[in-house]
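Contents: one structure, followed by commentary.
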Amino acid sequence: MSGLLGLEHVAMRYAMRGPSRHAEHLVFENLNLSLSAGERLGIIGRNGTGKSTLLRLMAKIFAPSSGRVWWAPDKRISLLSLGLGFRPDLTGRENALLSCLLQGSTKKDAKNSLGAIEAFAELDEFFDQPVKTYSTGMRARLGFATALENRSDVILIDEVLSVGDQAFRLKATAALKDQMTADRGVVIVSHAEQQIKNLCSSAIWLHEAGVAAAGTPEAVLQQYNQSGPT
């Protein structure tokens, strides 16, 4: 297996308002992990532990407070997150085209991809309506269909498989499984334990500014559930 991306001694801190001008909130520190080709990593943890922040660091949307985030040369990374990446004033078709172009597709290839994206997203006439008129589920459909068509080397998925109707969730899960090839990496943040078990080959549990457990999904979920409420 070959490395697609990694984090080395990464820390993330946010400035906070308070009596001290130097008050900070520590999300995590000294975080080390890597994603290999063919690996499907699940990230679990309670709300506020930095799961979404970690995906944004992997996507290089956020810069770490310290440490290093690296990508293997010539690799494409897609972050699929609700409310991220779409221009609300543009239509679904226009956003899909823009997303393909930003991921490195030629204009011809991007236009040729629109039919498959439209069919998979099942938005019907809304595909040509502004995204600001979309529900959360409709945004998720468009984002997921676009990410699959872009054929990124790494897909980072933030809770998107948990929204929408059951029929689309099953369809999206099946499509993702079909694209989990030996040359591609996937990172999934989800509160749905069955998704982590069914889709992931490894998992980490984020807790108290670091990784509390890492290993197989079953082993990590067992430790997580035994920890009780915090």
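- When side chains are defined from C-beta on, Thr91 does not count as touching Val131, because their heavy atoms never get closer than 4.5 Å.
- Rounding to the nearest 0.5 Å gives a distance of 10.0 Å between CD1 of Ile157 and OG of Ser78.
- Met58 places none of its side-chain heavy atoms less than 4.5 Å from the side chain of Ile77.
- The backbone N or O of Arg46 lies less than 3.5 Å from a partner atom in the side chain of Lys51, making a donor-acceptor pair.
- Formation of a donor-acceptor pair under 3.5 Å by the Ser152 side chain with backbone atoms of Ile155 is not found in this model.
- Side-chain contact between Phe144 and Leu176: present, with at least one pair of heavy atoms (C-beta onward) separated by less than 4.5 Å.
- Within a 6.0 Å radius of NZ in Lys132, other residues, nucleotides and ligands contribute 12 heavy atoms or fewer.
- With respect to Ile44, the side-chain contact (heavy atoms from CB on, under 4.5 Å) criterion is satisfied by exactly one of Thr49, Val189, Ile196, Asn225: Ile196.
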* Can you list the steps and then say if Cys200 with Ile188 is a side-chain contact (heavy atoms from CB on, under 4.5 Å)? -> CA-CA 8 Å; Cys200 298; Ile188 300 173; 4.2 Å; yes
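- Checked by atom type and distance alone, the side chain of Ser36 never pairs as donor or acceptor with a backbone atom of Glu39 at under 3.5 Å.
- The NZ atom of Lys197 lies 12.5 Å from the OG atom of Ser190; values are rounded to the nearest 0.5 Å.
- Within the 4.5 Å cutoff, the side chain of Met12 has no heavy atoms near those of the Leu31 side chain.
- Counting only distance, with no hydrogens or angles, the side chain of Asn95 and the backbone of Arg87 share a donor-acceptor pair below 3.5 Å.
- Heavy atoms from other residues, nucleotides or ligands lying under 6.0 Å from CZ of Phe126 number 12 at most.
- Side-chain contact between Val154 and Trp71: absent, with no pair of heavy atoms (C-beta onward) separated by less than 4.5 Å.
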* Taking it one step at a time, do Val211 and Phe28 satisfy side-chain contact (heavy atoms from CB on, under 4.5 Å)? -> CA-CA 9 Å; Val211 175; Phe28 34 68; over 6 Å; no
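- Each of Asn32, Leu33, Leu35 was checked for a side-chain contact (heavy atoms from CB on, under 4.5 Å) with Leu7, and the lone residue meeting it is Leu33.
- For Arg40 (side chain) and Leu199 (main-chain N/O), a donor-acceptor pair under 3.5 Å exists by modelled atom type.
- Residues Leu26 and Ile204 do not share a hydrophobic cluster, clusters being chains of Ile/Leu/Val/Met/Phe/Trp/Tyr side chains in contact below 4.5 Å.
- Rounded to the nearest 0.5 angstrom, Gln129 CD and Glu94 CD are separated by 10.5 Å.
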* Asked: Would Cys100 and Ile117 satisfy side-chain contact (heavy atoms from CB on, under 4.5 Å), going step by step from the backbone distance to the final call?
  -> CA-CA 10 Å; Cys100 290; Ile117 293 172; 3.9 Å; yes
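- The nearest pair of heavy atoms linking Pro130 to Pro88 is CB-O, 3.7 Å.
- Transitive grouping of hydrophobic side chains (ILVMFWY, heavy atoms separated by less than 4.5 Å) brings Tyr14 and Val69 into a common cluster.
- Under a hydrophobic-cluster definition in which Ile, Leu, Val, Met, Phe, Trp and Tyr are linked whenever side-chain heavy atoms come within less than 4.5 Å, directly or via other members, Leu97 and Leu90 are assigned to different clusters.
- Ring-centre distance between Phe168 and Phe120: below the 6.0 Å cut-off.
- The heavy-atom pair separating Asp153 from Arg76 by the smallest distance is OD2-N, 2.7 Å.
- In this structure, CD on Gln195 lies 8.0 Å from CD on Glu159, to the nearest 0.5 angstrom.
- The neighbour count for Asp74 CG, taken as heavy atoms of other residues, nucleotides or ligands under 6.0 Å away, does not exceed 12.
- Hydrophobic clustering places Phe86 together with Met138 (ILVMFWY residues linked when any side-chain heavy atoms are closer than 4.5 Å, directly or through intermediates).
- A heavy-atom distance below 4.5 Å is not found between the side chains of Leu5 and Lys75.
- Minimum heavy-atom separation, Ala214 to Val220: C-CG2, 3.6 Å.
- The number of heavy atoms from other shown groups lying within 6.0 Å of NE2 (His9) does not exceed 12.
- Remark: side-chain polar atoms of Ser227 are paired, donor with acceptor, to backbone N or O of Tyr224 under 3.5 angstrom.
- The shortest distance between side-chain heavy atoms of Leu123 and Glu118 does not fall below 4.5 Å.
- What you find for Leu114 and Ala96 is that their closest heavy atoms are CD2-CB, 3.8 Å.
- Across Ser66 and Arg13, no two heavy atoms sit closer than the pair OG-NH1, 4.1 Å.
- Leu170 is not connected to Met180 by any chain of hydrophobic side-chain contacts under 4.5 Å among Ile, Leu, Val, Met, Phe, Trp and Tyr, and they are in different clusters.
- Annotation for Val10 and Pro64: closest pair CG1-CB, 3.8 Å, computed over non-hydrogen atoms.
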